[in-house]
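Since the structure comes first, as C-alpha cells, the remarks are kept for the end.
First listed ligand is number 1; within each ligand, the first listed atom is number 1.
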Amino acid sequence: SATYENITVRREGRVGVITLDRPEALNALNLALGAEVVAAAEEMDADRGIGAIVLTGSERAFAAGADIKEMASRGYADVALEDFFSTWDRFAALRTPTIAAVSGYALGGGCEVAMMCDLLIAAESAKFGQPEITLGTIPGIGGSQRLTRAIGKAKAMDLVLTGRMMDVTEAERSGLVSRVVPTAELLDVAMETAAKIASMSLPAAYAAKEAVAEAFETTLAAGVRFERRTFHATFALADRAEGMAAFVEKRRPDFKHA
Ligand code: CO8
C-alpha cells in the first residue's frame, strides 16, 4: 500500500490503525495530511478484512486544529472555490466503525475529526476545544453541528464563543466522549475495543452504525422505521442465523461477514 508523509498506517488482525504523525505542528491538519487520512481510511473501508478503524495522534496532541499557517493567506474565493476542507466529509462517510483515541490536544479541526468518529475514547490528558473564534473564524468541518448535537446548546455555545478548552472530566460529563482511560492505557483500550467491534459480523456492524447515525439526520418516527426495516434486513444474513444458533447452542458464533 501507499507510503505517507504525515501519517503512519498499520493493521493488527481485523483492525486498521491510522496515526497522525506531524509532531512539529502538533498534528495540525494540513491539506496533505487530510488527503492521506482519507486515502488510508477509504482503502481500509473497502477491505472486508478490516472491521474497525482506530484514528489516533501522539500523547501530546491528537490534533491541534487545522493548519493555521496554511490557511492564513487564503482569501474567501480561494477557500470557497476549492471547498476548503470538504475532503473530511469522506472520512465522516466511512461505513466501517471508527474510534478516535484522543490524548492531549483535540482542538478546532482536531476536535471536529474526533467527533466524526463513532466512538471517542479519551485519555485523562485530553483537552477539547473549538478555538476558531480566537482566530476570527468559526468551526469549519462540522464542529458547530456535531458538538451541539453531542453536548447541547449550553456547552456548545460556551466553547464555540469563548474558545476555551474543556478537560476530560467536563467532556465526559457533557457526553462528548465514550470512555475516559488513564493516558498510558489509551491505545490498549482503543485497540481492544476496536478488536471487539471487528469480531462482530461486518454487515451487522455497518447496519448498527448506520442506524445510530440516522438518529442525527431524521425524525424519531422516520428513524424508528428505518431501524425496523434495517433490523428486518439483518434476517437475510447468514451471520444473523449463526449468531442466534450459537446462542441457543451455548457456543461462540463463527461470523463469516456474510
Ligand atoms: N496550525 C499550525 N501550526 C500549529 C497549530 C495549528 N493549528 N497548532 C500548533 N502548531 C505549531 C506551532 O506553531 C508550533 O510550531 P513552531 O514550533 O514552528 O512555532 C508547534 O506546533 C508547537 O506548538 P506550540 O509551541 O504553540 O505548543 P504549546 O504547547 O505552547 O501550545 C497549543 C499548544 C495550545 C495547542 C497551541 O499550539 C495552540 O493554541 N494551537 C492552535 C490551536 C487552534 O487555534 N486550533 C484551531 C485551528 S482553526 C481550525 O481548526 C478550523 C477548522 C476548520 C477549518 C475549515 C476551513 C474552511
Side-chain angles (χ1 to χ4, degrees), residues 4-8 18-39 41 55-94 98 100-117 120 122-151 155-171 174 176-177 183 186:
Y4 298 109
E5 284 176 11
N6 302 285
I7 62 173
T8 62
I18 300 173
T19 305
L20 306 179
D21 189 23
R22 271 192 87 202
E24 71 282 4
L26 300 181
N27 293 332
L29 313 169
N30 61 11
L31 290 170
L33 181 148
E36 289 183 4
V37 170
V38 167
L55 179 66
T56 193
S58 67
E59 190 169 326
R60 190 164 168 229
F62 178 75
D67 191 316
I68 299 165
K69 292 164 190 168
E70 188 182 60
M71 290 189 289
S73 61
R74 280 179 154 80
Y76 171 77
D78 301 319
V79 293
L81 292 175
E82 63 190 313
D83 201 6
F84 196 65
F85 263 73
S86 60
T87 311
W88 285 100
D89 294 345
R90 289 161 53 190
F91 185 82
L94 296 172
T98 52
V102 176
S103 177
Y105 297 110
L107 301 176
C111 186
E112 293 173 296
V113 169
M115 290 190 294
M116 285 177 190
C117 292
L120 199 170
E124 281 164 352
S125 63
K127 291 197 183 315
F128 300 91
Q130 297 291 159
E132 289 89 345
I133 191 81
T134 67
L135 303 167
T137 183
I138 74 165
I141 28 178
S144 64
Q145 305 304 300
R146 290 197 180 87
L147 188 66
T148 308
R149 282 165 161 81
I151 70 177
K155 287 277 181 195
M157 285 290 190
D158 183 355
L159 291 175
V160 171
L161 286 172
T162 69
R164 78 175 172 89
M165 288 187 216
M166 178 163 74
D167 70 15
V168 87
T169 308
E170 184 179 5
S174 307
L176 184 66
V177 309
T183 304
L186 176 68

* Just jot down the ligand 1 atoms closer than 4.0 angstrom to any heavy atom of Phe84, in number order. => 56 (C), 57 (C)

* Can you tell me if Thr56 uses its side chain to pair, donor with acceptor, with the backbone of Ala101 under 3.5 Å? -> yes

* **Identity and distance of the protein heavy atom lying nearest atom 4 (C) of ligand 1** => Ala25 O, 3.9 Å

* **Any donor-acceptor N/O pair, Asn30 side chain to Asp67 backbone, under 3.5 Å** => no

* Is the backbone of Ser103 close enough, under 3.5 Å, to the side chain of Glu59 for a donor and an acceptor to pair up by distance? -> no

* **4.0 Å protein heavy-atom contact status of atom 26 (O) of ligand 1, strictly under** => no

* For ligand 1, find out whether one of its N or O atoms is nearer than 3.5 Å to an N or O atom of Gly109. => yes

* Give the numbers and elements of all ligand 1 atoms closer than 4.0 Å to a heavy atom of Leu135. => 44 (O), 47 (C), 48 (S)

* Asked: Heavy atoms of the protein only: does one fall short of 4.0 Å from atom 39 (O) of ligand 1?
  -> no

* Is any side-chain heavy atom of Val102 closer than 4.5 Å to a side-chain heavy atom of Phe128? -> yes

* Asked: Would a 4.5 Å heavy-atom cut-off, applied to side chains only, mark Phe84 and Leu31 as touching?
  -> yes

* Does the Ser125 side chain pair with the main chain of Gly104, one donor and one acceptor, at a distance under 3.5 Å? -> yes

* Structure fact -> Taken to the nearest 0.5 Å, the spacing of Ile138 CD1 from Glu132 CD works out to 8.5 Å

* To do: Answer yes if a protein heavy atom lies under 4.0 Å from atom 48 (S) of ligand 1, otherwise answer no.
  => yes

* **atom 17 (O) of ligand 1: nearest protein contact (heavy atom, Å)** => Glu24 O, 4.7 Å

* How does Ala28 reach ligand 1, if at all, at less than 4.0 Å between non-hydrogen atoms: by side chain, backbone, both, or neither? -> side chain

* Asked: For ligand 1, which atoms have a heavy atom of Leu107 less than 4.0 angstrom away?
  -> 35 (C), 42 (C)

* Closest candidate by heavy atom, reference atom 1 (N) of ligand 1, pool Thr134, Ile68, Ile133, Val79 -> Ile68

* **Carboxylate-amine/guanidinium contact Arg22 Glu36, below 4.0 Å** => no

* Is the backbone of Leu159 close enough, under 3.5 Å, to the side chain of Gln130 for a donor and an acceptor to pair up by distance? -> no

* State the CD-CZ distance between Glu170 and Arg164, to the nearest 0.5 angstrom. => 4.0 Å

* To do: Provide the number and element of each atom of ligand 1 under 4.0 Å from a heavy atom of Asp67.
  => 1 (N), 2 (C)

* Tyr105, portion touching ligand 1 at heavy-atom distance under 4.0 Å -> side chain

* Structure fact -> Ranking Met165, Arg60, Lys127 by closest non-hydrogen atom to atom 29 (O) of ligand 1, top hit is Arg60

* Within a distance of under 4.0 Å, is there any protein heavy atom near atom 56 (C) of ligand 1? -> yes

* From the options Glu112, Lys69, Arg22, select the one whose nearest heavy atom is closest to atom 15 (O) of ligand 1. => Lys69

* Please tell me if the side chains of Thr137 and Met71 come closer than 4.5 Å, counting only heavy atoms from C-beta onward. => no

* Pro131 and ligand 1 - part of the residue with a heavy-atom distance under 4.0 Å -> side chain

* Glu70 to ligand 1, any heavy atom closer than 4.0 Å -> no

* Asked: Taking N or O atoms only and a 3.5 Å limit, does Pro139 qualify as a polar contact for ligand 1?
  -> no

* Return yes or no for this condition: an N or O of Ala64 is under 3.5 Å from an N or O of ligand 1. => yes

* Asked: So which heavy atom on Ala32 is nearest to which on Asn6, and how close?
  -> CB-ND2, 3.7 Å

* **atom 45 (N) of ligand 1: any protein heavy atom closer than 4.0 Å** => yes

